[in-house]
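Per chain, numbering begins at 1; letters A, B, ... match sequence-line order. These numbers were taken from a predicted model, which means no experiment stands behind them. Only heavy atoms go into these numbers, but all of them, side chains included; no hydrogens, no water, no symmetry mates.
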Number of protein chains: 2
Amino acid sequence: MSAHAHHELTKNQALVFQSLSDAGGPLTAYAILDLLRDNGFRAPLQVYRALDKLVEFGMVHRLESLNAFVACSHKDCAGGHGAAAFAICEKCGDVREFTPDEAMSSLKKWTESEGFILDRTTIELRGTCKNCITAN
Amino acid sequence: MSAHAHHELTKNQALVFQSLSDAGGPLTAYAILDLLRDNGFRAPLQVYRALDKLVEFGMVHRLESLNAFVACSHKDCAGGHGAAAFAICEKCGDVREFTPDEAMSSLKKWTESEGFILDRTTIELRGTCKNCITAN
DNA sequence: GCTATGTGTGTTATAACATAACACAAGCAG
DNA sequence: CTGCTTGTGTTATGTTATAACACACATAGC
């Protein structure tokens, strides 16, 4: 075990992660590509390869229902925390990450009773956030 | 309220639903298109339009993490049951649908406490199914 | 030193998934 | 008959993701 929790990021990984952090919300791979053209990015693979690693490190989450990516909301996230869930507002596009511990333990009960070995869980809630409701 | 639970399907909707039922597992829109070429299907939109309706009726589910579609596992499903969750085996591609009532009530607690109005929930578990483990 | 290996990179091309825009046909309400 | 809605067929295009190949750089082993 290393003494520091941070992964050493390559130049491209750091650029992609910074883009996502700065955005403060989800971005598609191609949106990231456009943001990084001035930094020498020319092709989608440069983005996808960096994203693969960042997701592997747990620093970035993939939103399956948006085909987009978002920086983990844990400050200076170095991965290692539990599963993440996302509440996605259909009106304003806002994404809230939270840790669905109770739901996960219920799902784990199911997988264990079925002999299913769980690798990774996707939980995404679509709806309308508080702000967009009161703004009616 | 109609006395029968079944939706009247158009010709295209019925063909697409039958393809998914026969397959007994997930299919991509383009896989369905190929299956239905002999029935006069020529373009992706014919498939996507039928799928949109079938999903709306609750007879077909979209698997976000696979970009694929699967017939609801409830016999003669006419929609109306609770949220669905899916356990997807990375080894054999098998998909098991189940009803995660306990997890849903936990997630609903979160949405209610946050003032988030929930429209639709995606829960997809990736891992290895019992068969593929014992087959080692 | 120099080779083998692993990882990251850059580039072109292509695959896979999804929708826009337009035209037409059939049913049904007024 | 007119207007409206829903479904359909078709062409073209947009969006998301990967394949295949070549090269650079670091480091471990001889």
Does a nitrogen or oxygen in the side chain of B:K53 sit under 4.0 Å from OP1 or OP2 of D:dG7?
-> yes

The single option from A:F86, A:F98, A:F69 that satisfies ring pair (Phe, Tyr, Trp, His ring centres under 6.0 Å) with A:H61 is A:F86

May I have the distance from B:I32 (atom CD1) to C:dA16 (atom C1'), rounded to whole angstrom?
-> 14 Å

Report which part of the nucleic acid A:R42 touches: base, sugar-phosphate, or nothing (heavy-atom distance under 4.0 Å, all strands).
-> sugar-phosphate

OP1 or OP2 of D:dA17 sitting under 4.0 Å from any side-chain N/O of B:N67?
-> no

From A:K11, A:Q18, A:Q13, residue fulfilling side chain to side chain contact (heavy atoms under 4.5 Å, CB included) relative to A:L15 | A:K11

Please give, in whole Å, the distance from C:dC17 P to B:D34 CG?
-> 11 Å

Only one of B:D52, B:T122, B:N67 passes side chain to side chain donor-acceptor pair (under 3.5 Å) with B:R62; say which it is.
-> B:N67

May I ask you to verify if any side-chain N or O of A:Y48 is less than 4.0 angstrom from the OP1 or OP2 atom of D:dA17?
-> yes

Check the distance between D:dA17's C1' and A:D52's CG and give it to me in whole angstrom.
-> 10 Å

A:L45 CG - C:dT14 P separation (whole Å) = 15 Å

OP1 or OP2 of D:dT10 under 4.0 Å from side-chain N/O of B:R49 = no

Under 4.0 Å between any heavy atoms, over every strand shown, what does B:A43 touch: base, sugar-phosphate, or nothing? Just pick one.
-> base

Do side-chain atoms of B:E112 reach the backbone of B:K109 as a donor and acceptor pair under 3.5 angstrom?
-> no

Please give, in whole Å, the distance from C:dT19 C1' to B:L51 CG?
-> 14 Å

Side chain of B:Y30, base of C:dA15: donor and acceptor closer than 3.5 Å?
-> no

May I ask you to verify if any side-chain N or O of B:T10 is less than 4.0 angstrom from the OP1 or OP2 atom of D:dT8?
-> yes

When the nearest nucleotide of DNA chain D is assigned to B:K11 and to A:F69 on a heavy-atom basis, which residue is associated with the more 5' position?
-> B:K11

Distance below 4.0 Å between B:Q46 side-chain N/O and D:dG9 OP1 or OP2 = yes

Looking just at side-chain N and O atoms, do A:E124 and A:S65 make a donor-acceptor pair shorter than 3.5 Å?
-> yes

Please state how far atom CG in B:L15 lies from atom P in D:dT8, giving the value in whole angstrom units.
-> 10 Å

Using atom CG of A:L54 as one end and atom P of C:dG8 as the other, report the distance to the nearest whole Å.
-> 11 Å

Separation of atom CG in A:N12 from atom C1' in C:dT7, rounded to whole Å = 13 Å

